[in-house]
Amino acid sequence: MKIHLIFIIVLFANNLFGQHNGKGNEYLNVGDRFEVNSSFSVLNYNSTKVDLNKFKDKIIVLDFFDTYCVSCIEGMPKLQEMQQQMQDKIQVLMVTWQSKEVIEKFYRNNGFLKEKKVKLPTIVSDTNFKKLFPHQGVPHTVLIYKGKVQAITYPDYVKPKFINELWKNGKINLPVKDDYKVDNTNNTGGLNGVKGTVLLTGYQQGLQEKGGLNITLDTASGMYTSYFNNVGVLRAYIAMYSYMAKPQFLVNDQRIQWKVADKSKYEYKENSGGQHIWLNEHGICYKRTSYRKMELPELAKAVVQDLNSLLGLKVYWGKEAKDCLVIRKLDKIDDKLAKPTNGQVIESLSVLTFLMDYSGEYPIVIDESGYTSSIEISTYNSVDELNEQLNAYGLEMVKAKRDVDVLVVEEAI
């Protein structure tokens, strides 16, 4: 039996995906006229209603959010800074479906926003703008200028560079955020007898970011499709290896060994210009189709092989000697030491090692104590302060060199 297996790599294709579903009938696209003939309930403004026609000579920034969205809240000080710096050119308006009472309490009680002194005008109890600009995830950002929808995108693009370009030219071409866009790619290319395909592309504008490994079955054809959309290369590999064998530790920066010319192509670094801007340049989409049903570990292994082949990489687990913090048992417990009574109960030392690794403030933490009970730990600002509490449990944390597991990312070509 003749079997065709297609490997396709299209690194910067922009028109491979399309078709809208679930948006309703009132939504606007980039380039459409924007007209509103009513005012809307608003907080943190000089009146209780806001009429967007008042800002017809400015760039209107509608930033959709809700109080459950951590990244939305983290980005609000930057939006306020933009409003203050460019108030002659823009008007930022936060938009939420949540009620006036909920948002008033949010601004009153959120410690981060109080510390940053953030009080952005916020349209509350919204139903109108959600219909015009439907979305499934926030943040979701819309730029309106000269009576037209100029961009439906991400808040990363609310920056002086892009605002000034839009102000000067009256238009701008930014990546489109479309949470309803679906993969409509035909990988078989019209060939008869195709039994499987692998498609790897660059970032696909408008396609919703979707990490991990998503699997669907076409019941009509019996074809399985496995895919991820618009993710960074390193994140894709880490996800696949987690399916193959669940890591017993956090895969953070200290667990990555780079053997590449420029690691910024593979991993986004926080506060380096905006994750969505980086993804637009370096993100990838992957799709594999096959009639064969594969167990998740086997499928993840196949994905790694595909990525290695098509990206010219070798990514694998290795060992590296690193300075670590090692938890070990004391020879003798000092009975005079009192265990903390007003701290956080930690069910196991693996939780403590995870939290310390996650903080990024300490070397890799390894538990060699064999201790299996829970412990209670109060706030600490140094290893010495932590040791004062651990000693009461007959434990100590010491600096030592250890060979640890690292994910090696090596350029093969």
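Note that this is a predicted model, so its numbers are computed, not measured.
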Cut-off 3.5 Å, side chains only: do [X] and [Y] have a donor facing an acceptor?
X: Asp66; Y: Thr96; value: no
X: Tyr243; Y: Glu298; value: no
X: Ser264; Y: Glu267; value: no
X: Tyr227; Y: Thr216; value: no
X: Ser125; Y: Gln98; value: no
X: Tyr286; Y: Arg288; value: yes
X: His140; Y: Lys177; value: yes
X: Glu410; Y: Tyr316; value: yes
X: Ser378; Y: Asn342; value: yes
X: Lys89; Y: Asn164; value: yes
X: Asp384; Y: Ser382; value: no

Aromatic plane relationship, [Y] with [X] - under 30° parallel, 30 to 60° tilted, over 60° perpendicular:
X: Trp258; Y: Tyr266; result: parallel
X: Trp278; Y: His282; result: tilted
X: Tyr237; Y: Tyr241; result: parallel
X: Phe106; Y: Phe65; result: tilted
X: Phe129; Y: Phe34; result: parallel

Discussion item. Which residues pass the disulfide (SG to SG under 2.5 Å) test with Cys324, not counting sequence neighbours?
Written reply: none
Hey, could you give me the [atom1]/[atom2] distance between [X] and [Y], rounded to the nearest 0.5 Å?
X: Cys285; Y: Asn230; atom1: SG; atom2: CG; result: 4.0 Å
X: Phe133; Y: Tyr27; atom1: CZ; atom2: OH; result: 13.0 Å
X: Asn110; Y: Met76; atom1: CG; atom2: CE; result: 8.0 Å
X: Leu307; Y: Lys314; atom1: CG; atom2: NZ; result: 16.0 Å
X: Asp306; Y: Leu200; atom1: CG; atom2: CG; result: 8.5 Å

Item to complete: For Tyr145 and Trp167, run ring pair (Phe, Tyr, Trp, His ring centres under 6.0 Å): C-alpha distance rounded to whole Å, both residues' side-chain angles, the deciding distance at 0.1 Å, then the answer.
Response: CA-CA 8 Å; Tyr145 187 45; Trp167 181 267; 5.7 Å; yes
Considering only NZ, NE, NH1 and NH2 on the basic side and carboxylate oxygens on the acidic side, decide whether [X] and [Y] come within less than 4.0 Å.
X: Lys269; Y: Asp253; answer: yes
X: Glu411; Y: Lys259; answer: no
X: Asp405; Y: Lys319; answer: yes
X: Glu368; Y: Lys329; answer: no

Discussion item. A cation-pi test, strictly: NZ or CZ of Arg255 under 6.0 Å from the centre of the six-membered ring of Phe249 and no more than 45 degrees from its axis. Yes or no?
Written reply: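 Yes.
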Please answer whether the main-chain N or O of [Y] pairs with a side-chain N or O of [X] as donor and acceptor at a distance below 3.5 Å.
X: Asp63; Y: Leu93; answer: no
X: Gln257; Y: Val406; answer: no
X: Asp357; Y: Val365; answer: yes

For a quick test of reading the model, state the closest non-hydrogen atom pair linking [X] to [Y] and the distance between them.
X: Leu299; Y: Ser226; result: CD2-OG, 3.3 Å
X: Pro340; Y: Gln389; result: CG-OE1, 3.3 Å
X: Tyr107; Y: Lys114; result: O-CG, 3.9 Å

Discussion item. Using the rule given for side-chain hydrogen bond (donor to acceptor under 3.5 Å, both in side chains), can you reason through Thr353 versus Asp367, listing the C-alpha separation, both sets of side-chain angles and the distance that settles it, and then say yes or no?
Written reply: CA-CA 7 Å; Thr353 62; Asp367 175 28; over 6 Å; no
Item to complete: Decide yes or no on salt bridge (Lys or Arg N to Asp or Glu O under 4.0 Å) for Lys401 and Asp323, but give the supporting numbers first.
Response: CA-CA 5 Å; Lys401 204 106 171 163; Asp323 293 324; 3.3 Å; yes
Discussion item. Between Gln150 and Leu166, does the side-chain contact (heavy atoms from CB on, under 4.5 Å) criterion hold? Intermediate values first, please.
Written reply: CA-CA 8 Å; Gln150 301 290 349; Leu166 176 54; 3.8 Å; yes
